[in-house]
Amino acid sequence: MTHVVFYKSGNTFWGFDVDGHAGFADAGEDIVCSAISSMTMLVINAIETAYASNVDYTIDEETAKVCVRVQASLPEYESDEKKRYAISGLIMAYYYQLNDMLEEYYDYIDVDVIEKKFDGNK
């Protein structure tokens, strides 16, 4: 099962952790893992390129753990309100997309949200 934990402070999403293999099918044929991996990289790449903001992330290929932290979604680190809103909104959209996937793939995905102040630690 893939477990995804989103972090937010108030109404602002600022990071997430993805951990584990979905187990829907064999490696290389697992559409659930593929979808989660693609969405994760889309979020990282969009924040870095479209919003020109730093994303602090690590990817452990062996354990399939990805940790993502984005300071620019928080007012104490980014003064541009529109940029903060866009970055947090992108992470929130990922959260809602995974929740949609839960309807069909509930045995393979687990999603949580934790209210937590940004600390930069993975």
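No experiment lies behind these values; they were computed from the predicted model shown.
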### Query
What do you reckon, are the aromatic ring centroids of Phe118 and Tyr7 less than 6.0 Å apart?
no
### Message
Using a 6.0 Å cut-off, check whether atom CG of Asn54 has over 12 heavy atoms from anything other than its own residue.
### Response
no
### Query
Under 3.5 Å, is there a donor-acceptor pair between the His3 and Asp110 side chains?
yes
### Query
For residues Tyr94 and Thr40, is any side-chain donor paired with an opposing acceptor at under 3.5 Å?
yes
### Query
What distance separates Asp19 CG from Lys65 NZ, expressed to the nearest 0.5 Å?
5.0 Å
### Query
Once you round to the nearest 0.5 Å, how far does CD1 of Ile109 lie from CD of Glu104?
9.5 Å
### Query
Would you call Met39 and Ser37 a side-chain contact if the rule is heavy atoms closer than 4.5 Å?
no
### Task
Consider only side-chain heavy atoms of I, L, V, M, F, W and Y, link residues closer than 4.5 Å, and tell whether Tyr96 and Tyr106 are in one cluster.
no
#### Entry: With Ile87, the side chain to side chain contact (heavy atoms under 4.5 Å, CB included) member among Val70, Val43, Leu74
Val70
### Arg84 vs Pro75 side-chain heavy atoms within contact, under 4.5 Å
yes
### Query
Quick check: are there more than 12 heavy atoms from other residues, nucleotides or ligands sitting under 6.0 Å from CD of Glu81?
no
### Message
Between Val111 and Tyr95, is there a side-chain heavy-atom distance shorter than 4.5 Å?
### Response
yes
### Query
Same hydrophobic cluster for Leu42 and Met92, using side-chain heavy-atom links shorter than 4.5 Å among ILVMFWY?
no
### Query
When hydrophobic residues are tied together by side-chain contacts of less than 4.5 Å, even through go-betweens, does Leu102 share a cluster with Val32?
yes
### Query
If you round to the nearest 0.5 Å, how far is OG of Ser88 from CZ of Phe13?
7.0 Å
#### Entry: Sub-4.5 Å side-chain heavy-atom contact between Tyr108 and Met1
no
### Query
Got a donor-acceptor contact below 3.5 angstrom from the Lys83 side chain to the Ala72 backbone?
no
### Glu76, CD: over 12 other non-hydrogen atoms inside 6.0 angstrom
yes
### Message
Is there a path of hydrophobic side-chain contacts, each under 4.5 Å between heavy atoms of I/L/V/M/F/W/Y residues, joining Val55 to Met41?
### Response
yes
### Message
Applying a strict under-4.5 Å side-chain criterion to I, L, V, M, F, W and Y, I'd like to know whether Met101 and Ile31 cluster together.
### Response
yes
### More than 12 heavy atoms of other groups within 6.0 Å of Asp100 CG
yes
### Query
Passes side chain to side chain contact (heavy atoms under 4.5 Å, CB included), Asp17 versus Val66? Steps please.
CA-CA 6 Å; Asp17 293 335; Val66 180; over 6 Å; no
### Message
Are Cys67 and Tyr57 packed together at the side-chain level, in the sense that at least one heavy-atom pair is separated by less than 4.5 angstrom?
### Response
no
### Validation row: Lys8, Lys116 side chains within 4.5 angstrom (heavy atoms)
no
### Task
Check whether any side-chain heavy atom of Thr2 lies under 4.5 Å from a side-chain heavy atom of Val18, and answer yes or no.
yes
### Task
Please answer whether the main-chain N or O of Gln71 pairs with a side-chain N or O of Glu78 as donor and acceptor at a distance below 3.5 Å.
no
#### Entry: Aromatic plane relationship, Phe6 with Phe16 - under 30° parallel, 30 to 60° tilted, over 60° perpendicular
tilted
